[in-house]
Amino acid sequence: MEQKPLISVFNSPTCHYCHALMDYLDSKNIDYVSIDLTREPDKAQEMMQKSGQTGVPVTIIKIGEQENVVVGFDKENIDRILEIHDQPA
């Protein structure tokens, strides 16, 4: 991957899947911006426009001009987009 991805995670503090997603990104040392919709409710409209969803988590991964929207904690899709290849144990 040539360009560093810009990642935004729309979340809320009571969302278990949001915390699991952010813990996963942290475990992979992947930088992201956490957008807590309880603190930034104006960002909810942006999330809905990009994803068509009202629930969290929603992750926006922008690589160059390509913007990928991931709804929920979809580890396989995130790994594919970010080209993460776990080594077998």
(request) With side-chain contact (heavy atoms from CB on, under 4.5 Å) as the test, would you mind laying out the steps for Asn68 and Ile78 before giving the verdict? (result) CA-CA 9 Å; Asn68 300 277; Ile78 291 167; over 6 Å; no
(request) Kindly indicate, with the supporting measurements, whether the criterion side chain to side chain donor-acceptor pair (under 3.5 Å) is fulfilled by Tyr32 and Asp26. (result) CA-CA 9 Å; Tyr32 61 92; Asp26 289 340; 3.1 Å; yes
(message) Quick check: closest heavy atoms across Ala44 and Leu37, and the distance to 0.1 Å?
(response) N-CD2, 3.7 Å
(request) Start with the C-alpha distance between Val56 and Phe73, add both sets of side-chain angles, then the distance that settles side-chain contact (heavy atoms from CB on, under 4.5 Å), and finish with yes or no. (result) CA-CA 9 Å; Val56 290; Phe73 178 23; over 6 Å; no
(request) Working to the nearest 0.5 Å, report the span between CD1 of Ile81 and CD1 of Ile63. (result) 7.0 Å
(message) Rounded to the nearest 0.5 Å, what separates atom NE2 in His19 from atom OG in Ser34?
(response) 8.5 Å
(message) Please report the interatomic distance CZ(Phe10) to CE(Met48), rounded to the nearest 0.5 Å.
(response) 10.5 Å
(request) Give every residue pair that meets the salt bridge (Lys or Arg N to Asp or Glu O under 4.0 Å) criterion with at least one member in residues 56-72, sequence neighbours excluded. (result) Lys50-Glu67
(request) Look at the side chain of Asp36 and the backbone N and O of Ser12, then say whether any donor-acceptor pair between them is shorter than 3.5 Å. (result) no
(message) What's the separation between atom OG1 in Thr59 and atom CD1 in Ile35, rounded to the nearest 0.5 Å?
(response) 10.0 Å
(message) Quick check for you: to the nearest 0.5 Å, what is the distance between Leu21 atom CG and Cys15 atom SG?
(response) 8.5 Å
(message) Regarding Lys4 and Asp31, does a basic nitrogen lie under 4.0 Å from an acidic carboxylate oxygen?
(response) yes
(request) Would you give the length of the straight line joining atom CD1 of Ile30 to atom CG of Leu25, rounded to the nearest 0.5 angstrom? (result) 5.0 Å
(message) For Val70 and Val58: C-alpha separation, side-chain torsions, deciding distance, then whether side-chain contact (heavy atoms from CB on, under 4.5 Å) applies.
(response) CA-CA 6 Å; Val70 180; Val58 169; over 6 Å; no
(request) Given side chain to side chain donor-acceptor pair (under 3.5 Å), test Asp74 with Tyr17 step by step and report yes or no. (result) CA-CA 10 Å; Asp74 185 345; Tyr17 292 108; over 6 Å; no
(request) State whether the number of non-hydrogen atoms from other residues, nucleotides or ligands found under 6.0 Å of Lys75 atom NZ is greater than 12. (result) yes
(message) Taking salt bridge (charged side-chain N to carboxylate O under 4.0 Å, His left out) as the definition, give me every residue that meets it alongside Asp23, ordered by chain and number, with sequence neighbours left out.
(response) none
